[in-house]
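Beneath this line is the structure, given in structure tokens, with notes to follow.
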Amino acid sequence: MDIFALLWIVSLAFTGLTEGAGVLPDGPLNAAVGGKVMFTTTQTPGTTFVTVNWKFEYEGRITFFMSTGSLELRNLTLNDIGEYSVTMFLPEAPAQSGDTRLDVYEPVTNVTVTSSSTELVEFSSVSLSCSSSGSSLSFLWLNSSSEVTGSDRVQITDGNSTLTIVNVTRYDQGPFSCQVFNPVSNGTSDPLNLTIYYGPENVILKISPPHKHYQEGSDISLMCSAVSNPLAHYTWFLNGGLLSKGSQFNLINSQKNQSGSYSCQAFNDKTLRYETSHPATISVLALVTNVVVTSEPTELVEFSFSVSLSCSSSGSSLSFLWLNSSSEVTGSDRVQITDGNSTLTINNVTRYDQGPFSCQVFNPVSIGTSDPLNLTIYFPQGCSVGCIAGIVIGVLVVLGVVAAIVWYCFHDKKKPNKKLSAENTNARTGVEGQDNGAYTTSQELHNADVCFTKNNNGGTVQMGDQNKPSDYAEVRVNNNPRAAASSLPTYDAHLQRNKRTAPQPETAEL
Ligand SMILES: *[C@@H]1O[C@H](CO)[C@@H](O)[C@H](O)[C@H]1NC(C)=O
Ligand SMILES: *[C@@H]1O[C@H](CO)[C@@H](O)[C@H](O)[C@H]1NC(C)=O
Ligand SMILES: *[C@@H]1O[C@H](CO)[C@@H](O)[C@H](O)[C@H]1NC(C)=O
Ligand SMILES: *[C@@H]1O[C@H](CO)[C@@H](O)[C@H](O)[C@H]1NC(C)=O
Ligand SMILES: *[C@@H]1O[C@H](CO)[C@@H](O)[C@H](O)[C@H]1NC(C)=O
Ligand SMILES: *[C@@H]1O[C@H](CO)[C@@H](O)[C@H](O)[C@H]1NC(C)=O
Ligand SMILES: *[C@@H]1O[C@H](CO)[C@@H](O)[C@H](O)[C@H]1NC(C)=O
Ligand SMILES: *[C@@H]1O[C@H](CO)[C@@H](O)[C@H](O)[C@H]1NC(C)=O
Ligand SMILES: *[C@@H]1O[C@H](CO)[C@@H](O)[C@H](O)[C@H]1NC(C)=O
Ligand SMILES: *[C@@H]1O[C@H](CO)[C@@H](O)[C@H](O)[C@H]1NC(C)=O
Ligand SMILES: *[C@@H]1O[C@H](CO)[C@@H](O)[C@H](O)[C@H]1NC(C)=O
Ligand SMILES: *[C@@H]1O[C@H](CO)[C@@H](O)[C@H](O)[C@H]1NC(C)=O
């Protein structure tokens, strides 16, 4: 096998030897085991040679190319590694020679990555190693498609064939692959994925709809989420007590007693870690209903009475506001608001305190308002300029009416068949329970002719329908002088009639 051979070719002329200035490429030439190599000279094709002498290990696997003097060697083995040289004799030219080196490599095949583990918990470590057949191998690691470089966390050792990640993170799942090179070939491993378990973290409790307060009966949905691989398992707690499992918890037709502090806990069964959400407070409130104001007492005398109004309502988390007519009542020396604003006390009432008072009740989900309540306050009455003018006008009108009636009576006195349309029974019914004066008045009217009226301070006589041929008069007598000026009785009157029922305008209808 190891034969040094001298190859000859056509020899025509000999013109002397010149030291070859490198008719072969600089070496080494790299070739794979079993492959072939071409020793290509720098001669242009068609050169005429006298002699070409090739010096190399001969194995009978060669082809010589006449036109350039180049040589091809096939079915290479590791034994073909070595120095090769050539000397060329050209006609009428100095001899040329060259030498080079041939390296033969085992090609890269079967590149494989193995991992100490492919399922990892975050922050543990993992080692990947790359193996390949071939000679003179060099290794390169790829993370997805970018080259992995060493760092604190990432070590590349064993001539770059081992990749160690000291502290894996969730972002290290790869795919990792290994590329192997030698001068004649290269190979790439299959990609390898790492499964990295992490979490739970960022446990978030979401409430839908997102309110702080809910009406009793509303449907509330609580959802829990966490960053976790694999997906976390969730457990719900109310005020620290276990409620249920699952990523969602629904409050259907929520009740007041379901108010409280909710939280969810996430668990990862690979990392065996737990994490709990921030607590979320849910308050379920009953609506404000049945707002009622009661007062004690309701009838008062100015400057000598205190009154206490209390407001009651159903509902939860109530707050109260008092209105006097439409403006808010605020506390003062005279006015106290107590019992969490549910009681309004007015000391030393004045005539201006009759209200109407109402109570507004709030909670965060609703509002209710009571019916207005009027206080009846008795006070001594004076008479203003307007009142005096009113009385004067009233008196003038009455005098005019009296004059008209008197004139009418005398004018019609002679007419026969004059009828009085007045019903005693009605008159009596109308004055039932009233002062006897009313009865007396109607008696007087009955006994007197229609033309007579006891015009007792506000009594009026109205004429019947003027178009009717048969005339009659409707007589309306108000026999209670106190009721004439005002719907409210006077201070004195009230004192006299102390403890009687509410005063009514006293009228007798005839
Ligand atoms: C050289 O290789 C070819 C194919 O690659 C093969 O057919 C042949 O037998 C080999 N010859 C020797 C001498 O090894
Ligand atoms: C590839 O390499 C593995 C181990 O490195 C070996 O078990 C297997 O036989 C090799 N396959 C080939 C085709 O060389
Ligand atoms: C390992 O890889 C680095 C970067 O690619 C390279 O500089 C170094 O020469 C390699 N080491 C070996 C022993 O191949
Ligand atoms: C691993 O990495 C994380 C974040 O990159 C860091 O917080 C932790 O301290 C590291 N652990 C170790 C053992 O290096
Ligand atoms: C792999 O690539 C991802 C991003 O592409 C990066 O976050 C991660 O740190 C890389 N891992 C290693 C070991 O290079
Ligand atoms: C790997 O070899 C192929 C031919 O086998 C070549 O085309 C490719 O460029 C080589 N890759 C590298 C990175 O050298
Ligand atoms: C590895 O992960 C990539 C995406 O990161 C995916 O496309 C690929 O199918 C995975 N390969 C395996 C073997 O799981
Ligand atoms: C909450 O109240 C409802 C009635 O409103 C009652 O049926 C239920 O048992 C109560 N639940 C708790 C935990 O007290
Ligand atoms: C009630 O108020 C009036 C006027 O504001 C005052 O003159 C009187 O003294 C008060 N009475 C009491 C008992 O405070
Ligand atoms: C009572 O009302 C006042 C004024 O509106 C308010 O500032 C106060 O907080 C209320 N008190 C209560 C117990 O609701
Ligand atoms: C109610 O309002 C009237 C006038 O609007 C006022 O004179 C009176 O003092 C008020 N009473 C109370 C208790 O606020
Ligand atoms: C209360 O008084 C107001 C006027 O001040 C009046 O309009 C209202 O009808 C009264 N309500 C009752 C129930 O007496």
Side-chain angles (χ1 to χ4, degrees), residues 28-38 76 103-113 127-166 175-191 291-300 302 307 309-311 322-329 344 346 349-360 369-379 381 483 486-489 494 501-505:
L29 299 177
N30 297 321
V33 170
K36 61 184 181 182
V37 67
M38 179 84 163
L76 293 166
D103 282 335
V104 178
Y105 298 93
E106 297 257 25
V108 172
T109 52
N110 195 17
V111 180
T112 311
V113 171
S127 190
L128 308 182
S129 46
C130 184
S131 68
S132 166
S133 27
S135 54
S136 291
L137 303 176
S138 56
F139 297 85
L140 179 72
W141 288 95
L142 296 178
N143 174 3
S144 190
S145 59
S146 48
E147 189 182 335
V148 177
T149 51
S151 69
D152 285 355
R153 239 170 32 87
V154 179
Q155 292 155 11
I156 302 176
T157 53
D158 293 345
N160 292 353
S161 71
T162 301
L163 170 67
T164 305
I165 308 172
V166 175
F176 291 99
S177 58
C178 170
Q179 278 190 349
V180 183
F181 300 87
N182 67 14
V184 297
S185 64
N186 64 54
T188 304
S189 70
D190 286 337
V291 180
V292 175
V293 171
T294 50
S295 104
E296 187 49 43
T298 43
E299 284 187 32
L300 302 140
E302 193 177 33
V307 63
L309 306 182
S310 29
C311 184
W322 287 96
L323 295 178
N324 172 3
S325 189
S326 59
S327 46
E328 187 182 339
V329 178
L344 170 67
I346 308 170
V349 293
T350 72
R351 68 192 70 180
Y352 306 109
D353 288 332
Q354 81 256 32
F357 291 98
S358 58
C359 169
Q360 276 190 353
T369 305
S370 70
D371 286 338
L373 178 122
N374 290 354
L375 297 177
T376 306
I377 296 156
Y378 300 109
F379 54 90
Q381 276 178 317
S486 164
S487 62
L488 282 175
H494 177 78
T501 54
Q504 308 284 333

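Everything numeric here is computed off the predicted structure, so don't read it as measured data. Every heavy atom of this structure was used, including side-chain atoms; hydrogens, water molecules and symmetry mates were not. Remember, it's 1-based here, ligands and their atoms both numbered in the order they're listed.
- Annotation: the span from Leu140 atom CG to Ser161 atom OG amounts to 12.5 Å, rounded to 0.5 Å.
- Which parts of ligand 3 touch Glu147 is read off a 4.0 Å heavy-atom cut-off, strictly below it: atoms 5 (O).
- Screening Ser185, Ser132, Ser133 for a side chain to side chain donor-acceptor pair (under 3.5 Å) with Thr109, the sole residue that qualifies is Ser133.
- Judged by distance alone, with hydrogens and angles left aside, the side-chain atoms of Asn182 form a donor-acceptor pair with the main-chain N or O of Glu106 at under 3.5 Å.
- Atom-to-atom distance recorded for Phe139:CZ and Ser129:OG is 9.5 Å, nearest 0.5 angstrom.
- Taking SG from Cys311 and CG from Leu373, the interatomic distance works out to 11.0 Å, rounded to the nearest 0.5 Å.
- Using a 4.0 Å cut-off to heavy atoms of Gly159, the atoms of ligand 3 that qualify are 13 (C).
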Starting from the N and O atoms of ligand 6, collect every protein N/O partner closer than 3.5 Å and put each pair on its own line with the distance to 0.1 Å.
{"residue": "ligand 6", "atom": "2 (O)", "partner": "Asn186", "partner atom": "OD1", "Å": "3.2"}
{"residue": "ligand 6", "atom": "2 (O)", "partner": "Asn186", "partner atom": "ND2", "Å": "2.3"}
{"residue": "ligand 6", "atom": "11 (N)", "partner": "Asn186", "partner atom": "ND2", "Å": "2.7"}
{"residue": "ligand 6", "atom": "14 (O)", "partner": "Asn186", "partner atom": "ND2", "Å": "3.2"}

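- The two residues Thr350 and Ile377 have their closest heavy-atom pair at O-CD1, 3.3 Å.
- Checked by atom type, the side-chain pair Thr162/Thr157 shows no donor-acceptor distance below 3.5 Å.
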